[in-house]
Trainee: 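Submitted below is the structure of interest, expressed as structure tokens.
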Amino acid sequence: FLGNALLKSAQMAIFDNKSDEIYLYPLDTKGNPQGARKAVEKAIEHGVHIIIGPVFSNSVFAISEIVKEKNIPLIALSTDKLYAW
């Protein structure tokens with residue numbers, strides 16, 4: 001439910017932007033660290049330039065090294081206090 005609501009919000013923001021250069025590539029993290037790692041690996045395979053999400057801090061931590069290594073910006077949606085790496 002939460003992921004779907006966040007996706008709809010992002011779609012509305014993209015629609016309002018009216019840019020043909022921004023694409024959303026939504027991937028389901030399954031709400032767990034393993035799913036987050038699989039989703040980020042798939043996103044990288046598809047050449048994403050920025051990752052928005054995941055929501056849960058344990059999933060954010062699970063992908064943090066991967067995105068850092070690939071130099072991909074990450075906007076985490078967690079409410080937990082996180083530190084920049």
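Predicted model, so just to flag it, every value in this text is computed and none were measured.
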Trainee: Return each pair, listed once, that meets salt bridge (charged side-chain N to carboxylate O under 4.0 Å, His left out) where at least one residue sits in residues 28-43; pairs must be two or more places apart or across chains.
Mentor: Asp28-Lys30

Trainee: Kindly state each residue pair satisfying salt bridge (charged side-chain N to carboxylate O under 4.0 Å, His left out) with at least one member in residues 45-61, sequence neighbours excluded.
Mentor: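 Every pair satisfying salt bridge (charged side-chain N to carboxylate O under 4.0 Å, His left out) with a residue in residues 45-61: there are none.
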
Trainee: Can you list everything that forms a side-chain hydrogen bond (donor to acceptor under 3.5 Å, both in side chains) with His46? Sequence neighbours excluded, please.
Mentor: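 His46: side-chain hydrogen bond (donor to acceptor under 3.5 Å, both in side chains) contacts with Tyr25.
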
Trainee: Shortest non-hydrogen contact from Ala39 to Leu27?
Mentor: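 Heavy atoms only, the tightest pair is O-CD1, 3.1 Å.
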
Trainee: Which residues pass the side chain to side chain contact (heavy atoms under 4.5 Å, CB included) test with Ile50, sequence neighbours left out?
Mentor: Pro73, Ile75

Trainee: Of the non-hydrogen atoms in Gly53 and Leu74, which two are nearest, and what is the gap between them?
Mentor: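 Scanning both residues completely, I find the closest heavy atoms to be O-CD1, 2.8 Å.
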
Trainee: Please find the pair of heavy atoms, one from Gly31 and one from Ser59, that lie closest to each other, and give the distance.
Mentor: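 The answer is C-OG, 4.3 Å.
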
Trainee: Considering all heavy atoms of both residues, which atom of Gly35 and which atom of Asn32 are nearest to each other, and what is their separation?
Mentor: N-OD1, 2.6 Å

Trainee: Within this structure, what is the CD1-CD1 distance for the pair Ile44 and Ile66, rounded to the nearest 0.5 Å?
Mentor: 6.0 Å

Trainee: Looking at every non-hydrogen atom in both residues, tell me the closest pair between Val60 and Ala76 and how far apart they are.
Mentor: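 Answer, listing the atom of Val60 first, then Ala76: CG2-CB, 3.8 Å.
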
